[in-house]
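For reference, the structure is listed below as structure tokens.
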Amino acid sequence: ETRERMIKVTDRKIVESFYTEGIVTFFSPSAVKSWVVNKLELPYRTASFGPVTSKSMQQYGMKVWFEAPSNSLHEFAYLLKEAISRQEKT
């Protein structure tokens with residue numbers, strides 16, 4: 001496997017593990033709408049993969065706990081993991 005492929009697999013596993021941490025991650029406004037339409041419960045924390053998705057979440061009355069500063073999945077996974085660590089220390 002190439003390094004790039006390994007990073008993508010690692011990032012995906014990290015993002016999937018956020019759900020076990022009580023975090024739902026939204027990657028698009030359509031995912032937000034689907035969550036609302038299906039009337040699913042929200043956990044304590046939600047994460048957004050950018051400002052467009054955050055805006056959609058807010059329009060549906062969701063609180064955005066974490067927003068990705070860029071459209072890089074690698075950066076999103078790393079920074080979200082850091083945010084979780086910081087919160088656990090407080």
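- With rounding to the nearest 0.5 angstrom, the OG1 atom of Thr46 is 9.0 Å from the CD1 atom of Ile23.
- A donor-acceptor pair under 3.5 Å is formed between the side chain of Ser85 and the backbone N or O of Lys81.
- The side chain to side chain contact (heavy atoms under 4.5 Å, CB included) check on Glu82 picks up Tyr78, Arg86, with sequence neighbours excluded.
- Here the CG-OG1 distance, from Leu73 to Thr25, works out to 9.0 Å after rounding to the nearest 0.5 Å.
- Take Lys55 and apply the side chain to side chain contact (heavy atoms under 4.5 Å, CB included) test, not counting sequence neighbours, and it matches Gln59.
- For Phe49, the ring-ring contact (aromatic ring centres under 6.0 Å, His included) test picks out Phe27, Phe76, with sequence neighbours left out.
- In this structure Ser28 satisfies the side chain to side chain contact (heavy atoms under 4.5 Å, CB included) test together with Ser30, Ala31, sequence neighbours excluded.
- Once rounded to the nearest 0.5 Å, the distance linking CZ of Arg45 with NZ of Lys63 reads 11.5 Å.
- Linking Ile, Leu, Val, Met, Phe, Trp and Tyr whenever their side-chain heavy atoms come within less than 4.5 Å leaves Val52 and Phe26 in two separate clusters.
- Proximity of Val37 to Tyr60: side-chain heavy atoms (C-beta onward) are nowhere separated by under 4.5 Å.
- Taking both residues in full, the closest heavy atoms of Met57 and Ala47 are given as SD-O, 4.4 Å, listed atom of the first, atom of the second, then distance.
- Evaluation of the side chain to side chain donor-acceptor pair (under 3.5 Å) rule for Ser54 yields Ser48, Glu67 as partners, not counting sequence neighbours.
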